[in-house]
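Reviewing the structure listed below.
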Number of protein chains: 2
Amino acid sequence: MSLAHALLTSLLEKSSSGYDLARRFDKSIGFFWHATHQQIYRELARMEAAGWIASKAAPDGGKTRKRLYSVLAAGKKELRRWALEPSPAPDLRDELIVRLRADAVMGPIGLEAEIERHLSMHEAKLLAYRAIEQRDFSPDKLTTREARIQHLILRTGLGYEEGWVAWSHEALAVLRESDNPAG
Amino acid sequence: MSLAHALLTSLLEKSSSGYDLARRFDKSIGFFWHATHQQIYRELARMEAAGWIASKAAPDGGKTRKRLYSVLAAGKKELRRWALEPSPAPDLRDELIVRLRADAVMGPIGLEAEIERHLSMHEAKLLAYRAIEQRDFSPDKLTTREARIQHLILRTGLGYEEGWVAWSHEALAVLRESDNPAG
DNA sequence: TGCTCCATGTAACACGTTACATGATTGC
DNA sequence: GCAATCATGTAACGTGTTACATGGAGCA
C-alpha cells in the first residue's frame, strides 16, 4: 500500500488538512495518484495512530473543525524506508483492451465511438499537462534537483497521455481497416 | 468492474474450468489483466448465479472435481452491453512516481538501484512480447479481423513496456545528473 | 432565507490479496 | 512412497468506491 506514503510526501511538501489534501489529490498530485476524501480521512487517522503524523486545530480560533497535519520524525523515517523497498513493476490494466478482445471474439460491436471518446479525454489531459509544463517548467526554472524531478514526473504524465493518444489512432485504424475486408 | 467481462470474453474464446482460466490469466490474457484464482472462483460463482454462464462436470467420468464453464446467451448479451458502456480513461498510477516525489522533497535517497530493477523487469517483458509477436503474428497470419485485433492488443503491451524502458533511462539520467550539481 | 462551499465523518459494499485447507492425480 | 501439480474452495483482511450525514461559514 502506498496511499499513506503519498500522503506523507504531500504533507512534507506542505502541512495541510484532510480537506486540502483531498483537493490537491484532485489536481497536481492526483494526476498521478487519485484518492477520495474518505480514503484520505481514514488514512490520516491511521497514520496519526501509528505516530507518523500529528494534528492540531487550525489557527482560526476554533471557527472551523479544520485540523492541520504535519509529519513526525517517525513518519519521515517510514517514508524513507518504504521508498527504497522493492516494488513490483506496474501491470497494464485497461478495460478498453478487454473490450477489444470482446470485439475480436464476438465480431464488430462498434467500439469506435468509445475509443474516440477516450482519445479526446487523453488529448484534454495532454493539453492541461503542456500548459503546466510551459507555466512551471521553463528552462530557467529547472535549477534545482527538486524542480528537475518534478519536471520528470510531469513528463511521465505527458508520455503516458501521448502513448494513449497514439494508441487510440492505431486502434481506430485497425477497427476501420477491418470493417473493410479488403484491407 | 470488469473481471466478470474479462472472464466472459475468455470463456467465449474457449470454454474452460476455473483452474484453466487462472492459468490463462497468468499468461496471455494476464499480460493485460491479472487475477488470482480466488478472485476467479468467486467471480465464476457469481456469474453462474446471475445466469451468465453454466457449468458441467468435466468429461473425465468424475475422476476430478473439474468443472467446465460455458457462456449462456444472457452472458453474451451482458458482455455486448458492457463493451459499449462508456468507461473512464485509465489513470496513471505508479508507486515509483510517489517514490520520486519523496526523493524530491527529502533529498537524494538512492532510488537508482530500484529504477534499474524495474528497467530489467520491463525489458524482460518486452523480450517475451517480441517473441510472441514473431511466433504468432507474422504478416501472413494477419488475415482475419480477429488476428489483427489480437496483434493490436499485443502491440499495446509492447508500447507500454517500451514506454517504461524509455522512462527508466530518462529517470536515471535525471537522478544522476542531479547528483552532479554542475549538470 | 437559502445556496454553495468548507470540513469531517459513518456505513456499507465491491474488489483484490494472502494465508490456509482439502483431496485427487501424475511422475519419479 | 513422496513430491509436484491439478482443482476447488474458506476466511480474513486491506484497499477503494458510493451513499449518506452533519454542521459551520460566506454570500446574495
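Scope of the values below: all heavy atoms of this structure, side chains included, with no hydrogens, waters or symmetry mates. Numbers restart at 1 for each chain; the letters A, B, ... are given by sequence-line order, proteins then strands. The structure displayed is predicted, hence computed values, not measured ones.
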Under 3.5 Å, which N/O atoms of the protein pair with N/O atoms of nucleotides 19-21 of chain D?
{"from": "D:dA19", "atom 1": "N6", "to": "A:Gln38", "atom 2": "NE2", "distance (Å)": "3.2"}

Which atoms of nucleotides 25-28 of chain D (N or O only) lie under 3.5 Å from a protein N or O atom, and what are those distances?
{"from": "D:dA25", "atom 1": "OP1", "to": "A:Lys63", "atom 2": "O", "distance (Å)": "3.4"}

Practice item. Determine: side-chain N/O of B:Tyr41 to OP1/OP2 of D:dT8, distance under 4.0 Å, yes or no. Key: yes
Practice item. Test side chain to side chain contact (heavy atoms under 4.5 Å, CB included) on B:His118 and B:Ile115 and set out the steps. Key: CA-CA 5 Å; B:His118 277 243; B:Ile115 291 175; 5.6 Å; no
Point to revise | Those residues that, when tested against B:Trp167, pass ring pair (Phe, Tyr, Trp, His ring centres under 6.0 Å) (two or more places apart) | key: B:Trp164
Check your understanding: Taking only residues two or more places apart in sequence or in another chain, which ones pass salt bridge (charged side-chain N to carboxylate O under 4.0 Å, His left out) with A:Arg117?
Key -> A:Glu114
Check your understanding: Rounded to whole angstroms, how far apart are CD on B:Glu43 and P on C:dC15?
Key -> 7 Å
Exercise for review: Kindly state each residue pair satisfying salt bridge (Lys or Arg N to Asp or Glu O under 4.0 Å) with at least one member in residues 65-77 of chain A, sequence neighbours excluded.
Suggested key: A:Asp20-A:Lys66
Revision key, fill the gap. Residues passing the side-chain hydrogen bond (donor to acceptor under 3.5 Å, both in side chains) test with B:Glu78, sequence neighbours excluded, are B:His5, B:Arg81
Check your understanding: Is a side-chain N or O of B:Arg101 found less than 3.5 angstrom from the main chain of A:Thr9, in a donor-acceptor match?
Key -> no
Check your understanding: Which nucleotide in the list C:dT8, D:dT17, D:dC6 gets nearest to the side chain of B:Arg23?
Key -> D:dC6
Exercise for review: Tell me, please, which residues at least two apart from B:Tyr41 pass ring pair (Phe, Tyr, Trp, His ring centres under 6.0 Å).
Suggested key: B:His37
Study note, to complete from the structure: Atom CG of A:Leu3 and atom C1' of D:dT17 are separated, to the nearest Å, by 13 Å
Check your understanding: Given atom NE2 of A:His34 and atom P of D:dT15, what is their separation to the nearest angstrom?
Key -> 17 Å
Practice item. May I have the distance from B:Phe25 (atom CZ) to C:dG16 (atom P), rounded to whole angstrom? Key: 11 Å
Practice item. Compare side-chain N and O positions of B:Arg93 against OP1 and OP2 of D:dT15 and report whether any pair is under 4.0 Å apart. Key: no
**Study point:** Listed partners of B:Glu123 passing side-chain hydrogen bond (donor to acceptor under 3.5 Å, both in side chains), at least two apart
**Key:** none
**Study point:** Whole angstrom value for the distance that separates C1' of C:dT8 from NZ of A:Lys66
**Key:** 12 Å
Check your understanding: Is there a residue in residues 12-21 of chain A whose heavy atoms reach under 4.0 Å of DNA chain D, and which residues are they?
Key -> none
Exercise for review: Considering just the side-chain nitrogens and oxygens of A:Arg46, establish if one lies under 4.0 Å of OP1 or OP2 belonging to D:dT15.
Suggested key: yes
Check your understanding: Mind checking what makes side-chain hydrogen bond (donor to acceptor under 3.5 Å, both in side chains) contact with A:Thr64, not counting sequence neighbours?
Key -> A:Asp60
Practice item. Could you tell me whether B:Lys141 atom NZ has more than 12 heavy atoms of other residues or ligands within 6.0 Å of it? Key: yes
Point to revise | Distance in angstrom units between A:Glu95 CD and C:dC15 C1', rounded | key: 13 Å
**Study point:** Contacts of type side-chain hydrogen bond (donor to acceptor under 3.5 Å, both in side chains), residue A:Arg93, not counting sequence neighbours
**Key:** none
Practice item. Check whether the side chain of B:Arg42 and the base of C:dG16 form a donor-acceptor pair under 3.5 Å. Key: yes
Practice item. Please list, chain by chain and in numerical order, all residues satisfying salt bridge (charged side-chain N to carboxylate O under 4.0 Å, His left out) with B:Asp91, sequence neighbours excluded. Key: A:Lys125
Point to revise | Any B:Arg67 side-chain N or O less than 4.0 Å from OP1/OP2 of D:dC6 | key: no
**Study point:** Atom-to-atom span, CG of A:Leu44 to P of D:dT15 - whole angstrom
**Key:** 14 Å
Exercise for review: For A:Gln39 and C:dC15, give me the distance from atom CD to atom P, rounded to whole Å.
Suggested key: 15 Å
